[in-house]
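All remarks here apply to the structure that follows.
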Amino acid sequence: MKKITFAFIIALWAAYIFCAERDSLSDTSIVYFTSDISSEGLMKVFEMLGVSDTSGVALKVHFGEDGNQNYIKPVIYEGIVKKTKGTFVETNVLYVSRRKFTKTHIALAKEHGFGYAPIDILDSEGEMEVENDNPKYFKSVKIGKGMDKYKKFVILSHFKGHGLAGFGGAIKNVSMGFASPNGKKEMHQSFFPEYDPALCKDCGACVKNCPGKAITTDDELYIDYSKCMGCGECISDCPAGAIKKPTKSESQQMFLEKLVEYADAIEKKYDMVYVNILANISKGCDCSPFAGKPFMNDIGILASTDIVAIEKASHDLVDKEHMCEDAFLKENSVSGKKQIEFALDRKMGNVNYKIINIDSIE
Ligand code: SF4
Ligand code: SF4
C-alpha cells in the first residue's frame with residue numbers, strides 16, 4: 001500500500017512538472033528577427049513562419065500618404081510578391097486625401113511604386129459587418145467587403161510612431177487598416193485634441209497638415225470638432241505643445257481599446273501572419289504628409305504568428321535602441337503600450353516571446 005501511494009505521488013509530481021513545462025512553453029511565442037532590411041531579409045523571416053499554402057495571399061501594406069517620406073518603399077516586398085503572387089491590399093481613408101477614393105488611392109499607390117503587383121482596395125465595393133464575440137464597444141465591426149476573397153493575409157506593418165495611438169504596428173494595421181471608413185470613424189469618435197492658445201507660436205503647421213481641414217485661423221485658431229476625425233496628427237505636428245491629447249485619459253484609453261477590439265474581431269475571422277519592419281521610425285505615421293524625420297536608427301524586420309508577441313518585441317527593441325522605457329511616450333507624449341495590454345487581456349496572444357535571430361543561422 002505504501003509503495004502504491006509513493007508511486008502515485010511520483011506520478012502526480014511528474015504530471016505536474018509536465019503540465020507546468022507545457023504551460024510555460026505555450027506562454028512563450030517565437031518572434032524571428034533579421035537586421036537585414038531588404039527584400040531578401042524580409043523573405044528570410046517570412047519563410048521561418050512556415051506558411052505552406054501561399055495561394056491567394058493578400059499582402060496588407062500602407063501605400064503612404066501623398067507627401068509622406070517614411071512609408072516602407074515597395075522594393076522591399078518584391079521577394080514576397082514573387083513567392084506568393086500576392087495582391088497588395090488596403091482600404092480607403094476617412095479624411096480628405098487622395099487615399100479617400102479608390103481611383104485616386106490606386107493612382108497614388110502606383111506613383112509610390114506599388115504598381116508591379118495587383119492592387120485591391122478592399123472597400124471599393126462597400127463594407128461588410130463581422131460579428132464580434134467579445135464586445136465592449138461593438139457587437140460587430142465594419143470592414144472592407146473584399147476581404148472574403150482572400151484565404152490568407154500577410155500583415156506587413158511599418159512600426160513607427162502615431163500621434164494618437166502612441167505607435168502604429170500590426171494591431172493598428174489590422175484594425176484601422178481593414179476597417180471601412182465607417183469603421184474608422186467609430187473607432188476615432190471620442191478623441192478630440194485640446195488647444196492651449198497661451199502656448200501657440202502661430203506657425204500654422206496644424207492648419208496645413210490637418211487631414212480633416214478642421215483647424216482654421218480666421219480670427220484665432222479654432223478646431224471644428226464636427227470636422228475633426230480624432231486622428232491626432234495635430235498633436236504630433238505642433239512644435240510648441242499647444243495642441244494636446246484630451247486631458248481626460250479615458251478618451252485615449254477608449255480609443256486604444258476600440259482599436260484592439262477591432263483587431264481582435266478581424267484576426268479571429270481571418271488567417272493572418274505578421275511582419276513588422278522597424279525602419280524610418282518617426283513620430284508621425286504614414287498617413288501624415290509631414291510625419292517628421294526618423295528620430296532613431298533602423299533596427300530590422302520581425303515576423304511572428306502572434307500579433308501580441310510581435311508588437312511587444314518590436315516596442316522593446318525600439319525602447320532598447322532609444323535607451324528609454326517608452327520611446328513613443330518620450331518622442332510623441334503618447335504611450336501606446338496599452339494596445340499591448342488590452343490585446344493580452346483579450347487573449348489575442350502572448351507578451352512573453354523568444355526572439356530567434358536568423359542572421360546567425362547559416
Ligand atoms: S485630430 Fe487634429 S489633425 Fe486630426 S482631424 Fe482633428 S484637428 Fe485635424
Ligand atoms: S502647430 Fe501648434 S504652434 Fe503651430 S499654429 Fe498650430 S497650435 Fe500653434
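Indexing begins at 1, ligand by ligand and atom by atom, following the structure's order.
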Numbered atoms of ligand 1 (with element) below 4.0 Å of [X], judged on heavy atoms:
X: I215; result: 7 (S)
X: P211; result: 3 (S)
X: P193; result: 1 (S), 2 (Fe)
X: G232; result: 1 (S), 4 (Fe)

Proximity of L221 to ligand 2 by residue part, where a heavy atom lies under 4.0 Å: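 For L221, the contact with ligand 2 is made by the side chain alone.
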Distance to 0.1 Å, residue and atom name: give those for the protein heavy atom nearest to [atom].
atom: atom 2 (Fe) of ligand 2; value: C238 SG, 2.4 Å
atom: atom 8 (Fe) of ligand 2; value: C200 SG, 2.3 Å
atom: atom 7 (S) of ligand 2; value: I243 CG1, 3.6 Å
atom: atom 6 (Fe) of ligand 1; value: C228 SG, 2.3 Å
atom: atom 3 (S) of ligand 1; value: C234 N, 3.4 Å
atom: atom 5 (S) of ligand 2; value: G204 N, 3.3 Å

Under-4.0 Å salt bridge between K258 and E261: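 Salt bridge flag = no for E261 with K258.
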Ion pair D316/K320, N-O distance below 4.0 Å: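 No.
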Between [X] and [Y], do the side chains contain an N or O donor and an N or O acceptor separated by less than 3.5 Å?
X: D306; Y: Y274; result: no
X: T216; Y: D218; result: no
X: N280; Y: K160; result: no
X: T84; Y: K152; result: no
X: Y116; Y: E78; result: no

Contacting atoms of ligand 2, where contact means under 4.0 angstrom from a heavy atom of P239: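 Under 4.0 Å from P239, ligand 2 has these atoms: 1 (S).
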Per-atom contacts of ligand 2 with K201, taking only distances under 4.0 Å to non-hydrogen atoms: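 Counting from 1, the qualifying ligand atoms are 3 (S), 8 (Fe).
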Salt bridge (Lys or Arg N to Asp or Glu O under 4.0 Å) between E267 and R346, intermediate numbers included: CA-CA 12 Å; E267 75 142 19; R346 297 184 77 91; over 6 Å; no
Other residues, nucleotides, ligands: >12 heavy atoms within 6.0 Å of K110 NZ: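 No, not enclosed.
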The one among G241, C210, C206, C203 that brings a heavy atom closest to atom 4 (Fe) of ligand 2: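 Heavy atom nearest to atom 4 (Fe) of ligand 2 belongs to C203.
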